[in-house]
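Keep in mind the model is a prediction, meaning the values are calculated, not measured. For reference, positions follow the sequence shown, starting with 1.
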Amino acid sequence: MINVSFWNILWTVVNLLVLFIAFKIFFFKPIAAIIAKRQEEANEIFKSAKEKEETAAEKARQYDEKLADAEEEKKQILSEARKNADGQYQQIVAQAKASASEIKTAAATEANREKEQIIASAKKEIADIIVDATTKVVGGQTGAQVDSSLFDEFIDKAGE
């Protein structure tokens with residue numbers, strides 16, 4: 001049977017208190033210290049991760065700024081290239097117009113020269129025809145003075 005005595009209960013309570021104190025000193029304090037150390041390490045890791053996240057966010061912002069700057073520079077380069085191309089186009093068009101004008105002027109000059117040659121040739125042929133006709137009409141009278149007077153008379157009548 002079970003005997004319940006005061007001394008048994010007292011020693012049991014004392015044993016429990018001693019075990020509780022021993023556990024607290026040798027078990028709970030080291031475990032609490034380990035948990036605190038682990039919590040501190042976790043906080044350090046969390047802090048480091050937060051710093052790395054902030055650094056990454058800053059680098060992403062810098063990258064976005066550089067990307068925007070590169071986009072702006074691209075637009076500026078394209079704009080300058082268009083301006084240069086337009087300037088070259090205008091220069092080529094101006095040169096083509098000048099060349100066309102020179103060719104047109106040269107052609108007009110050549111045409112006038114040929115016209116003058118044709119007129120001079122026609123005058124000579126007409127003068128020869130007149131001299132031949134006058135020779136036939138006048139007969140034997142020939143001479144420089146007769147030829148000259150007949151030619152001048154023909155030119156005067158032709159000019160009217």
For this session: Give the intermediate values and the outcome of salt bridge (Lys or Arg N to Asp or Glu O under 4.0 Å) for residues Glu53 and Lys50.
Result: CA-CA 5 Å; Glu53 182 182 0; Lys50 192 164 193 128; over 6 Å; no
When you group the ILVMFWY residues by side-chain heavy-atom contacts below 4.5 Å and let the links chain together, are [Y] and [X] in the same group?
{"X": "Leu16", "Y": "Phe26", "answer": "no"}
{"X": "Leu19", "Y": "Val13", "answer": "no"}
{"X": "Trp11", "Y": "Phe6", "answer": "yes"}

For this session: Check the pair Glu73, Asp69 against side chain to side chain contact (heavy atoms under 4.5 Å, CB included), reporting the backbone distance first and the verdict last.
Result: CA-CA 6 Å; Glu73 186 177 346; Asp69 290 344; over 6 Å; no
Would you say [X]'s side chain and [Y]'s backbone share a donor-acceptor pair under 3.5 angstrom?
{"X": "Thr109", "Y": "Thr105", "value": "yes"}
{"X": "Asp86", "Y": "Arg82", "value": "no"}
{"X": "Ser101", "Y": "Lys97", "value": "no"}
{"X": "Ser79", "Y": "Lys75", "value": "no"}

Exercise. Is a salt bridge present between Arg113 and Glu116, judged by a nitrogen-to-oxygen distance below 4.0 Å?
Worked result: no
Exercise. If you measure from the Lys or Arg side-chain nitrogens to the Asp or Glu carboxylate oxygens, is any gap between Arg61 and Glu58 under 4.0 Å?
Worked result: yes
Separation of [Y] [atom2] from [X] [atom1] (nearest 0.5 Å):
{"X": "Ile119", "Y": "Ile126", "atom1": "CD1", "atom2": "CD1", "value": "10.5 Å"}
{"X": "Gln95", "Y": "Gln90", "atom1": "CD", "atom2": "CD", "value": "12.0 Å"}
{"X": "Ile25", "Y": "Phe20", "atom1": "CD1", "atom2": "CZ", "value": "10.5 Å"}

Exercise. Heavy-atom count around Glu40 CD within 6.0 Å, excluding the residue itself: above 12?
Worked result: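 It does not: Glu40 CD has 12 such atoms or fewer within range.
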Exercise. Looking only at side chains, do Asn43 and Gln39 share a donor and an acceptor under 3.5 Å apart?
Worked result: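 Yes, side-chain donor-acceptor contact under 3.5 Å.
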For this session: In sequence, state the C-alpha distance, the side-chain angles, and the governing distance for Ser99 and Ile103, and then conclude on side chain to side chain contact (heavy atoms under 4.5 Å, CB included).
Result: CA-CA 6 Å; Ser99 178; Ile103 291 171; 3.9 Å; yes
